[in-house]
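So the structure is just underneath, and the comments pick up after that.
Per chain, numbering begins at 1; letters A, B, ... match sequence-line order.
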Number of protein chains: 2
Amino acid sequence: MTPVAQMKMDRRKTFNEFISRKRLKSTKQRDVIFEEFFGNYMGRHVTVEELYEDIKRKYPYIGFATVYRTLKLFRESGIASERNFGDGKARYEPIRDEREHHHHMICTECGKIYEFANNQVESCLNQIAKLNEFKLENHKLEIYGLCSSCRESR
Amino acid sequence: MTPVAQMKMDRRKTFNEFISRKRLKSTKQRDVIFEEFFGNYMGRHVTVEELYEDIKRKYPYIGFATVYRTLKLFRESGIASERNFGDGKARYEPIRDEREHHHHMICTECGKIYEFANNQVESCLNQIAKLNEFKLENHKLEIYGLCSSCRESR
DNA sequence: TTATTATTGATAACTAATATCAATTTCATA
DNA sequence: TATGAAATTGATATTAGTTATCAATAATAA
Ligand SMILES: [Zn+2]
Ligand SMILES: [Zn+2]
Ligand SMILES: [Zn+2]
Ligand SMILES: [Zn+2]
């Protein structure tokens, strides 16, 4: 089994456990949305609208509200992250590895989103929080600017 | 003259220059909003609604749209920063010193906002951008968690 | 199978941000 | 200081994204 397939299976397991722990129900719609999201959006940052439009083509009976609610469930169960990059639309990304914490660089010209991680920054933030007697629960770090190709075509 | 009064005068000068450069007009409303914002909100992070409610008490003839538009002008002229801390409402803060770049720690319990600055983080971000051939235009960094007092009362 | 409970999808309601527009104000010019 | 073009104002409407509502339907425990 490929690592990606393995990961998908792990997320499915986590989600199923969440469903039964919370006494929720597993439905056709949730299955479809899971398959689409974890099949086609790995490493991407999709808006609810985008995912809905995508799914609607194959499964026209699935409504927007269901996609919206299911993505919230994915987040709640810890298999997806919700992101907000300042364009007013929430974006969701599948969590690949729970230890893989990362941040984003967003091109203000073409909108492309790049990911990065940096241990030094992370430990700085922990130190800053500690120094201020602040219990760090989470943090948000984004770089906005021009990606290399948009930079050239200026 | 106190440093704060000096700073306020400097911002006023910058704003007046902006007004005349852009061929805009100076009005009673803009004066009132400037005075209120730079008089009472130094070091704070006020929403449009809050500032409007505050001003309305003394100057009931000033409308919400004017406060909203004037804060946009303050930002455009470089005398105020617009912030967004994930509660869906834009917040504005007077720029105290143009060299004083800082970030925020937000208590998820009481909503208090603390500021911090850290050179090491800044140089890390510059390096990360450089490494990815990304032209850093700006960045956003926030720590969310519990402040020391909310932490204790848990 | 049945009864209970959750889910669904259409749509309404909500919120913050922004656009519209006629009346008013500012200000450059005369 | 009068005039007129241009910007501003405040009330209100519109938009966009999110979230709530609810009757019909589907899932599941007993
Ligand atoms: Zn990401
Ligand atoms: Zn981090
Ligand atoms: Zn600040
Ligand atoms: Zn910084």
* Structure fact -> Here the distance between atom C1' of C:dT7 and atom CZ of A:R30, to the nearest Å, is 6 Å
* Structure fact -> To the nearest angstrom, the CG-C1' distance between A:L73 and C:dA6 comes to 11 Å
* Asked: Taking CD from A:E50 and P from D:dG17, how many angstroms apart are they, rounded to a whole number?
  -> 11 Å
* Asked: B:K25 NZ to D:dA5 C1': how many Å, rounded?
  -> 7 Å
* Assign B:E49 to base, sugar-phosphate, or nothing according to its heavy-atom contacts below 4.0 angstrom with the strands shown. => nothing
* Asked: In whole Å, what is the span from the CZ atom of A:F64 to the P atom of D:dT19?
  -> 10 Å
All N/O contacts under 3.5 Å from nucleotides 28-30 of chain C to the protein, with atom names and distances to one decimal?
none

* Length of the line joining B:Y68:OH and D:dT12:P, which is rounded to integer Å -> 19 Å
* To do: Give the ring-plane orientation class for A:Y52 versus A:F64, where under 30° counts as parallel, over 60° as perpendicular and anything between as tilted.
  => perpendicular
* Asked: So, for B:Y92 and B:F74, is the gap between ring centers shorter than 6.0 Å?
  -> no
* Please answer whether the main-chain N or O of A:K89 pairs with a side-chain N or O of A:D87 as donor and acceptor at a distance below 3.5 Å. => yes
* Asked: Would you say A:T27 reaches C:dT8's phosphate, i.e. side-chain N/O to OP1/OP2 under 4.0 Å?
  -> yes
* Asked: At under 4.0 Å between heavy atoms, what does A:K72 touch on the DNA or RNA strands: base, sugar-phosphate, or nothing?
  -> sugar-phosphate
* Would you say the base of C:dT15 and the side-chain of B:K89 have a donor-acceptor pair closer than 3.5 Å? -> no
* Would you indicate, yes or no, if C:dT25 has its OP1 or OP2 atom less than 4.0 angstrom from a side-chain nitrogen or oxygen of B:Q29? => no
* Asked: Is it true that B:F85 and B:H104 have ring centroids separated by less than 6.0 Å?
  -> yes
* Just by modelled atom types, is the A:T47 backbone N or O under 3.5 Å from a matching donor or acceptor in the A:E50 side chain? -> yes
* **Pair B:H45-B:E115, side-chain donor/acceptor within less than 3.5 Å** => yes
* For the pair B:R83 (side chain) and B:E93 (backbone), establish whether a donor and an acceptor sit closer than 3.5 Å, ignoring hydrogens and angles. => no
* For A:P60 and B:R91, take the nucleotide of DNA chain C holding the closest heavy atom to each; which residue's nucleotide lies nearer the 5' end? -> A:P60
* To do: Mind checking B:K56 for me? I need base, sugar-phosphate or nothing, with any heavy atom below 4.0 Å counting as a touch.
  => nothing
* Determine, for B:D10 against B:R96, whether the closest basic-nitrogen to carboxylate-oxygen distance falls under 4.0 angstrom. => no
* **Nucleotide nearest A:T66 when distance is taken to its side chain, options C:dT8, D:dA20, C:dA17** => C:dT8
* Asked: Given D:dG10, D:dA20, D:dA27, which nucleotide is nearest the side-chain atoms of B:I62?
  -> D:dG10
* Taking atom C1' of C:dA6 as reference, at what distance in whole Å does atom CZ of A:R69 sit? -> 11 Å
* Structure fact -> When rounded to whole Å, the NZ to C1' distance for the pair A:K22 and D:dA27 reads 19 Å
* Asked: Would you say A:S26 reaches D:dT28's phosphate, i.e. side-chain N/O to OP1/OP2 under 4.0 Å?
  -> yes
